[in-house]
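Letters A, B, ... are given to chains in the order of the sequence lines, protein chains preceding strands, and every chain is numbered from 1. Because the structure is predicted, anything quoted here is derived from the model rather than measured. Just so it is clear, the values below take in all heavy atoms, side chains as well, and ignore hydrogens, waters and symmetry mates.
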Number of protein chains: 2
Amino acid sequence: MADINLQEKSDGPESGATPLPDDPERRQALELIELLFFAYRDFISDPDEILSGYGFGRAHHRVVHFVGRNPGMRVAQLLEILRITKQSLGRVLRELIETDFVYQREGDRDRRQRLLYLTDKGIALMHDLQEPQIARVRRAIEQAGPEAERLYRDVLFHLIDAGDRANVELLISKADE
Amino acid sequence: MADINLQEKSDGPESGATPLPDDPERRQALELIELLFFAYRDFISDPDEILSGYGFGRAHHRVVHFVGRNPGMRVAQLLEILRITKQSLGRVLRELIETDFVYQREGDRDRRQRLLYLTDKGIALMHDLQEPQIARVRRAIEQAGPEAERLYRDVLFHLIDAGDRANVELLISKADE
DNA sequence: TAAAATATGTCAATATGGCTGACATAAATT
DNA sequence: AATTTATGTCAGCCATATTGACATATTTTA
């Protein structure tokens with residue numbers, strides 16, 4: 001990260017006007033907000049690198065990940081999870097199908113549905129992408145002590161919009177069969 | 001979040017091939033990875049909405065946030081934090097300066113530097129953007145119990161690339177004056 | 001059965017936010 | 001005086017998202 005050291009704020013004349021309210025709770029929250037930014041930034045850096053080798057981007061990653069974790073999921077479900085439009089997903093999905101990472105099957109009960117599955121090639125890619133992230137998470141949990149897993153999980157869970165929590169929980173636990 | 005319920009996986013014929021290694025530690029890590037995705041997704045949704053009102057995007061948000069937290073920071077430091085190129089930052093910064101959210105001042109000791117500051121208008125925007133995020137973080141910490149703040153912070157910190165942690169810590173704590 | 005709703009796909013146009021490479025200027029350092 | 005540093009800018013490109021309109025097949029409903 002080279003050198004990020006800030007120059008001493010010679011908060012000289014005409015400085016930035018109204019200072020922040022110096023509320024310690026606010027400060028604490030701001031620090032956590034920034035930590036989340038940096039953690040997320042580094043967290044996606046490993047997959048990004050792998051993906052660039054395939055000519056793929058983050059959108060492809062998300063599709064491979066969620067389809068891999070939930071074989072047979074519907075397109076509409078994927079749209080809901082990713083919160084993007086059909087048109088945006090369209091190209092990415094087409095590319096993944098054309099390059100044989102993903103395939104579709106007609107739904108049994110509803111033949112309008114195109115259920116999504118990873119091919120073996122897709123599964124291999126999924127694992128490649130998961131490896132560094134799993135290692136990173138495990139390391140972090142380990143280094144933060146025994147209670148860390150539960151509390152970290154709890155905080156993340158409560159950062160999610162209240163109305164979505166039940167669905168997310170269902171999705172995550174279901175994905176583990 | 002509408003309805004994300006997955007259809008029962010009628011993991012019929014020709015299903016997705018090689019199943020995942022059913023390692024509970026792996027499973028746990030995958031769930032945390034997904035929680036981080038969902039938490040981050042919702043976490044940036046509030047600012048996104050506010051920004052769209054100004055015709056700004058996430059890049060503008062990041063600039064306003066970090067310049068606001070570190071008045072007088074240099075362009076090079078901002079680039080290091082955001083991990084983007086000079087050219088990418090250029091447009092965003094120009095827009096923020098033209099619309100009077102950010103201004104630049106020559107460095108005192110080094111007159112090549114263009115130190116960055118928020119105008120009053122910029123500070124107001126920063127506060128608007130911070131409000132929902134601070135509320136969200138506080139709520140989550142509260143609901144996750146007394147130890148949550150420390151451990152959540154610790155995990156996030158260790159998710160950051162080891163080589164960057166010292167700099168991030170410095171940046172974050174310095175930002176609180 | 002006919003009409004309506006649903007699941008998906010696609011076309012075209014557009015915006016944003018990244019990227020690379022090349023080059024320019026001013027100021028500081030060697 | 002030469003080099004390095006801090007910043008800016010031009011031009012072109014790519015990835016990922018957007019909206020709106022429309023098409024098709026299938027299921028559900030009236």
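Taking a cutoff of 4.0 Å between a charged side-chain nitrogen and a carboxylate oxygen, A:R139 and A:E142 do not qualify as a salt bridge.
Counting non-hydrogen atoms under 4.0 angstrom, B:E95 reaches nothing in the nucleic acid.
Between A:T85 and D:dT18 there is a side-chain N or O to OP1 or OP2 distance below 4.0 Å.
Taking the centre of each ring, B:F56 and B:F101 come in below the 6.0 Å mark. A ring-centre distance under 6.0 Å is found for A:F66 and B:F37.
With rounding to whole Å, B:Q77 atom CD is found 16 Å from D:dT5 atom P. Straight-line distance from the CG atom of A:L89 to the P atom of D:dT18: 10 Å, rounded to whole Å. Residue A:L78 contributes atom CG, which lies 14 Å from atom P of D:dT16 at whole-angstrom precision.
Using modelled atom types and a 3.5 Å distance limit, the side chains of A:E34 and B:H65 yield a donor-acceptor pair. A:R26 and B:Q130 are linked by a side-chain donor-acceptor pair at a separation below 3.5 angstrom, with hydrogens and angles left out of the test.
By the 6.0 Å contact criterion, CD on B:E106 is enclosed, its count of non-hydrogen atoms from other residues, nucleotides or ligands being greater than 12. By the neighbour-count criterion of 12 heavy atoms within 6.0 Å, atom CD of A:E98 is densely surrounded, having more than that number from other residues, nucleotides or ligands.
In terms of the side chain to side chain donor-acceptor pair (under 3.5 Å) criterion, residue partners of A:D110 (sequence neighbours excluded) are, by chain and number, A:R112. Here B:I97 pairs with B:L93, B:V102, B:Q104 under the side chain to side chain contact (heavy atoms under 4.5 Å, CB included) rule; sequence neighbours left out.
The C1' atoms of five pairs define one axis at each end of the helix from C:dT1-D:dA30 to C:dT30-D:dA1, and these two axes lie 20° apart (to 10°).
Each of A:I84 and B:I97 was matched to the nucleotide of DNA chain D holding its nearest heavy atom; the match closer to the 5' end belongs to B:I97. Nearest-nucleotide positions on DNA chain D place B:K86 closer to the 5' end than the other of B:K86 and A:S88.
A 4.0 Å heavy-atom criterion places the boundary nucleotides of DNA chain C facing chain B at C:dG17 to C:dA28, written 5' to 3'.
Considering A:L156, A:D164, A:L159, A:L171 as possible partners of B:F38, the one that fulfils the side chain to side chain contact (heavy atoms under 4.5 Å, CB included) test is A:L171.
For the residue pair A:I160 and B:R136, the shortest heavy atom distance occurs at C-NH1, 3.9 Å.
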5' to 3', nucleotides 10-15 of chain D under a 4.0 Å protein heavy-atom cut-off (B base, S sugar-phosphate only, - none) gives B-----

Distances for protein N or O near nucleotides 25-28 of chain D N or O, under 3.5 Å:
{"unit_1": "D:dT26", "atom_1": "OP1", "unit_2": "A:R111", "atom_2": "NH2", "d": "3.0"}
{"unit_1": "D:dT26", "atom_1": "O2", "unit_2": "A:R112", "atom_2": "NH1", "d": "3.3"}
{"unit_1": "D:dT27", "atom_1": "OP1", "unit_2": "A:R111", "atom_2": "N", "d": "3.1"}

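Atoms CG and CD1, on A:D128 and A:I50 in that order, are 6.0 Å from each other to the nearest 0.5 Å.
In this pair, A:Y40 and B:Y40 present their aromatic rings parallel. The plane angle is below 30°, not in the 30 to 60° band.
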